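Working notes, beginning with the structure itself.
Note that the coordinates shown come from a computational prediction; the quantities given were computed from them, not determined experimentally. Start at 1 and go down the list; that is how both ligands and their atoms are numbered. Only heavy atoms go into these numbers, but all of them, side chains included; no hydrogens, no water, no symmetry mates.
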Amino acid sequence: MPSAFPNISKIQYEGHDSKNPLAFKHYNPEELVEGKAMKDHLRFSVVYWHTMRGMGSDMFGVGTMQRPWEDGTNSLKMALKRAPVLFEFCEKLGAPFYAFHDRDVAPEGGNLRETNKNLDVVVKQLKKLQRDSGVRLLWGTACLFVHPRFMHGAATSCNADAFAYAAAQVKKALEATHELNGAGYVFWGGREGYTTLLNTDLKREMDHLGAFLHLAVDHKKKIGFKGQFYIEPKPKEPTKHQYDSDAAACLNFLREYGLLGDFKLNIETNHATLAGHTMQHELEVAAAAKALGSIDANTGDLLLGWDTDQFPTDLYLTTQVMLTILKMGGFATGGTNFDAKVRRESFEPIDLFYAHIAGMDTFARGLKIAATIRKDGRLEQFVRQRYSSWDSGIGEKIEKGKAGFKELEAYALKMGDVTTNASGRQEFLENLINEFI
Ligand code: XUL
Ligand code: CO
């Protein structure tokens, strides 16, 4: 098999002063941060769909990417030629994980039986490539949004046949993920939403989604798959409204349908901003429910209102992300999955390396900065102090459930008025963070 990237050797850590664009300046895999190697904190993952299958087309133009290994077909033969390219890429980059949709790695056949056979052939090859390279599967998922059969959705389709087909597809994708020892499995509701309420029975669709996820949990147990299930929130696109719109909506949905014990969330930056939230907001909401599982690392564009899936190169963003990840004790099964694509103007294969190196270095810096902020302690101390009225006296009584309205009324009457408020010091804190960046 000829090399797909013959002029690129393994990307090394060369440190801050290096001028080599094909080297890490900050990501030093074995370097310890808070007593743990950077590679184990960050658990970087490359996505098959953008990196291998993204050709740079958009609503106005065709693909632009130079991918010399592609033969222009979506055939099984091409699938088998493409998979080693992904592994060469991950190995040269030093990314320990990858992620895929079933249809990224193997093409649809003439019918479901044939499609499943195609997947079996490729999974066999992926298994060997994983064994030879040590690169592992962070998560698998099923593509339930490209084919016209899913025009009305999959689990939430008005058409029960589409639900049944989606169930068969997820069953197979779960088995493939299990076979490849995936650390997790993601449910992103591609078209699980609506474009108009005029034709939609919202309650029935949500009930169907709940039922579908229960069937998935049942099958997971049946086959003995131990990986983590995740829901990936996104508010819109392709539909006008997606049921899994943000972290809070997902948690509420999971709670309502009795699924909270079986799922965590996979939080994506660009989805958070589409929902009108910051990434850190979504992470904090998930972490507060002990349901922060993994992240899709990317970023949107401030001036474009859609899911641009750009590589994350903003230090403020990665610092904030890593502050929350460190606070929750780090990833268990999850990782930093680059659900990101190079711009269609960045069409050369080498741009795939530049993009991932940029994302990895930016996350490595974010990790180091977050660890330094934590070690410094002033930020944490400020927040602790801000809530100190809850540590004793009336605050402690309220938190312990030992004060009712009657007692609180007596307290307020005696107090007269609230005279103890302290400044929130937002500007002071923003400047404090800047000290570290
Ligand atoms: C779409 C998206 C998906 C999921 C996997 O916006 O993020 O690629 O990550 O289906
Ligand atoms: Co994603």
Side-chain angles (χ1 to χ4, degrees), residues 43-55 57-59 86 97-105 137-147 150 153-156 166 169-170 172-174 176-177 182-193 209 212-213 216 227-247 249-250 263-275 277 279 282-283 286 292-301 304-312 317 321 333-342 356 359:
R43 294 167 60 86
F44 287 123
S45 164
V46 172
V47 304
Y48 213 99
W49 52 100
H50 290 313
T51 299
M52 283 299 113
R53 306 308 305 273
M55 285 299 152
S57 61
D58 68 11
M59 306 272 259
L86 186 271
F97 293 99
Y98 72 113
F100 66 69
H101 299 85
D102 48 4
R103 303 300 174 254
D104 305 331
V105 293
L137 180 61
L138 188 67
W139 47 262
T141 188
C143 175
L144 305 175
F145 43 91
V146 168
H147 196 280
F150 297 124
T156 65
Q169 196 177 321
V170 169
K172 186 72 186 171
L174 266 175
T177 303
Y185 185 93
V186 162
F187 293 82
W188 168 62
R191 291 181 192 274
E192 311 297 24
L209 183 55
F212 191 92
L213 296 178
Q228 176 66 49
F229 271 4
Y230 309 101
I231 301 258
E232 183 177 322
K234 184 176 183 181
K236 55 189 163 202
E237 196 193 305
T239 66
K240 172 200 183 83
H241 175 85
Q242 307 263 135
Y243 295 128
D244 300 329
S245 43
D246 64 3
C250 287
F263 286 82
K264 288 192 170 172
L265 301 185
N266 178 41
I267 303 290
E268 175 166 328
T269 318
N270 209 162
H271 297 180
T273 47
L274 285 176
H277 303 309
M279 176 64 166
E282 289 292 83
L283 295 173
L292 173 50
S294 198
I295 63 170
D296 269 11
N298 63 16
T299 191
D301 183 292
L304 297 175
W306 64 90
D307 199 12
T308 57
D309 282 349
Q310 287 163 235
F311 276 84
L317 169 69
V321 169
T333 51
T336 307
N337 181 51
F338 287 113
D339 191 353
K341 59 186 176 201
V342 288
H356 283 84

Indicate the atoms forming the closest heavy-atom contact of [X] with [Y], along with that distance.
{"X": "Ala154", "Y": "Glu192", "value": "N-OE1, 3.0 Å"}
{"X": "Asp307", "Y": "Glu237", "value": "N-OE1, 3.0 Å"}
{"X": "Leu274", "Y": "Lys234", "value": "CD1-CE, 4.1 Å"}
{"X": "Ala173", "Y": "Thr141", "value": "CB-O, 4.2 Å"}

Query raised in the report: Is the centre of the Trp188 ring less than 6.0 Å from the centre of the Phe145 ring?
Result: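 For Trp188 and Phe145, the ring centres are under 6.0 Å apart.
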
Requested in this report: Measure centre to centre between the rings of Tyr185 and Tyr230, then say whether the value is under 6.0 Å.
Outcome: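 Centroid distance Tyr185-Tyr230: not below 6.0 Å, so no.
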
Report task. Specify the protein heavy atom at minimum distance from atom 5 (C) of ligand 1: its residue, its atom name, and the distance to 0.1 Å. Result ->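 Protein heavy atom with the smallest distance to atom 5 (C) of ligand 1: His101 NE2, 3.3 Å.
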
**Report entry** Nearest-neighbour protein heavy atom for atom 9 (O) of ligand 1, which is reported as residue plus atom name and distance
**Finding:**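 Nearest neighbour among protein heavy atoms for atom 9 (O) of ligand 1, to 0.1 Å: Glu232 OE1, 2.7 Å.
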
If you measure every N/O of [X] against every N/O of ligand 1, is any gap under 3.5 Å?
{"X": "Asp339", "result": "yes"}
{"X": "His271", "result": "yes"}
{"X": "Lys234", "result": "yes"}
{"X": "Asn266", "result": "no"}

Which of the numbered atoms in ligand 1 are under 4.0 angstrom from any heavy atom belonging to [X]?
{"X": "Asp307", "answer": "6 (O)"}
{"X": "Asp296", "answer": "9 (O)"}
{"X": "Trp49", "answer": "8 (O), 9 (O)"}

Give a yes or no answer on whether the side chain of [X] reaches the backbone of [Y] with a donor-acceptor pair at less than 3.5 Å.
{"X": "His271", "Y": "Pro233", "result": "yes"}
{"X": "Thr51", "Y": "Tyr48", "result": "no"}
{"X": "Thr269", "Y": "Ala297", "result": "no"}

Restricting to N, O or S, what is the name of the atom of [X] that lies nearest the Co ion (ligand 2)?
{"X": "Asp296", "value": "OD2"}
{"X": "Glu232", "value": "OE2"}
{"X": "Glu268", "value": "OE1"}
{"X": "Asp339", "value": "OD2"}

